[in-house]
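Chain naming here is simple, since letters A, B, ... match the order of the sequence lines and numbering starts at 1 in each.
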Protein chains: 2
Amino acid sequence: MYICPMYSSELIKGTLKTVILKLLSDTKQMYGYEITQKVKELTDSKIVITEGALYPLLHQLEAEGVVTTETVNIGKRIRKYYTLTQTGNERAKEKIYEFADFIQTMNILLDLKPSV
Amino acid sequence: MYICPMYSSELIKGTLKTVILKLLSDTKQMYGYEITQKVKELTDSKIVITEGALYPLLHQLEAEGVVTTETVNIGKRIRKYYTLTQTGNERAKEKIYEFADFIQTMNILLDLKPSV
DNA sequence: CAAATATACATAAGTTATTTATGTATAAGC
DNA sequence: GCTTATACATAAATAACTTATGTATATTTG
């Protein structure tokens, strides 16, 4: 049986922000580790977000005012929940729309059928 | 009227190789400048390949044995035509398949309809 | 109950791939 | 004649990620 491996990193690069914004626009509040697990689960491990990529990006999004954070104590450990701001919601819509448009263009370029 | 600008470079990054391999698998022989123009035309200027990105990649593909080259004199100018090797044809199919698969996964992740 | 794995954050060095800038030169259009 | 288009090439700077490392608690498994 064929097991589809992870996509080449060059392909995944650049979609990270869009994916995170989408998840946050669906779930309101998520913490970093939760995001990595959700993406892994939804993509059957074809997209795996590493911590080194995720955390710096989340910090950047916070600095830009796209998300706000709330730190919660879970026993003696901490969790940092991220929530989209209004700006963040708009940004999420834009990025998702852009990607949908991009897919259309790539479908034409690569002669893929719309349903593929 | 809304004019869709170029996609963010982060989105385009990583699809360059796939796009070039696809064009070469369709047209057999193309030269660098021709590739940039074809992509610009097919994507309505939403994807524009810069020379600084294109030529190093073509040279790399040649070094890997994915393409062979033939230099032709056009008047006093030169053109360097690129042709896929057999390895190159396989590579092209793989990359195109990988991207099609990637799109499917992203459609699920981003809740896009298959036809979008 | 000890060890391994999972949860949960964070950052820094190294790598890779692009962008931007620069360079050379001929051909075509105005 | 000047500007734009054709046509190649490379190098420095930048951006973004991978890999590695660090800290620490919680849970599972043998």
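- Summarising the geometry, the separation between OH on B:Tyr81 and C1' on D:dC8 is reported as 14 Å, rounded to the nearest angstrom.
- For the pair A:Thr43 and A:Val39, the tightest heavy-atom approach, listed with the atom from each and the gap, is OG1-O, 2.7 Å.
- The distance from atom CD1 of B:Ile35 to atom C1' of D:dT6 is 15 Å, rounded to the nearest whole Å.
- Taking side-chain N and O atoms only, A:His59 has no distance below 4.0 Å to OP1 or OP2 of C:dC9.
- Here C:dA8 presents its C1' atom at 15 Å from CD1 of A:Ile49, a figure rounded to the nearest Å.
- Where A:Tyr33 and B:Arg77 meet DNA chain C, the nucleotide closest to each residue was compared, and A:Tyr33 sits on the side nearer the 5' end.
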Contact string for nucleotides 12-21 of chain D, one letter per nucleotide 5' to 3', B = base within protein heavy-atom range under 4.0 Å, S = sugar-phosphate only, - = neither, reads -----SBB--
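- Between the CG atom of A:Asn73 and the C1' atom of C:dT7 there is a distance of 15 Å, rounded to whole Å.
- The shortest side-chain heavy-atom distance between A:Ser25 and A:Lys93 does not fall under the 4.5 Å cut-off.
- For the pair B:Lys38 NZ and D:dA7 P, the interatomic distance rounds to 15 Å; values are reported in whole Å.
- A distance-only check finds a donor-acceptor pair linking the side chain of B:Thr85 to the backbone of B:Gly88 [under 3.5 Å].
- Here the side chain of B:Lys76 is nearest to one of D:dT6, C:dA27, D:dA7, namely C:dA27.
- The separation between B:Gln37 atom CD and D:dC8 atom C1' is 14 Å, rounded to whole Å.
- Taking for each of B:Ile74 and A:Arg79 the nucleotide of DNA chain C with the nearest heavy atom, the 5'-most of the two is the partner of A:Arg79.
- Between the CD atom of B:Glu70 and the C1' atom of D:dC8 there is a distance of 16 Å, given to the nearest Å.
- The side chain to side chain contact (heavy atoms under 4.5 Å, CB included) test with B:Leu23 is passed by exactly one of B:Thr18, B:Leu84, B:Leu42: B:Leu42.
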Apply side-chain hydrogen bond (donor to acceptor under 3.5 Å, both in side chains) to the pair A:Gln60 and A:Glu64, showing each step before the final yes or no.
-> CA-CA 6 Å; A:Gln60 184 202 308; A:Glu64 288 171 12; 2.8 Å; yes
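- Remark: A:Arg79 pairs with no residue by the salt bridge (Lys or Arg N to Asp or Glu O under 4.0 Å) rule, at least two apart or across chains.
- Distance alone, capped at 3.5 Å, places no donor-acceptor pair between the B:Thr83 side chain and the B:Gln29 backbone.
- Rounding to whole angstrom units, OH of residue B:Tyr31 and P of D:dC8 are separated by 7 Å.
- Checking D:dT10, D:dA26, C:dT26 against the side-chain heavy atoms of B:Tyr55 singles out D:dT10 as nearest.
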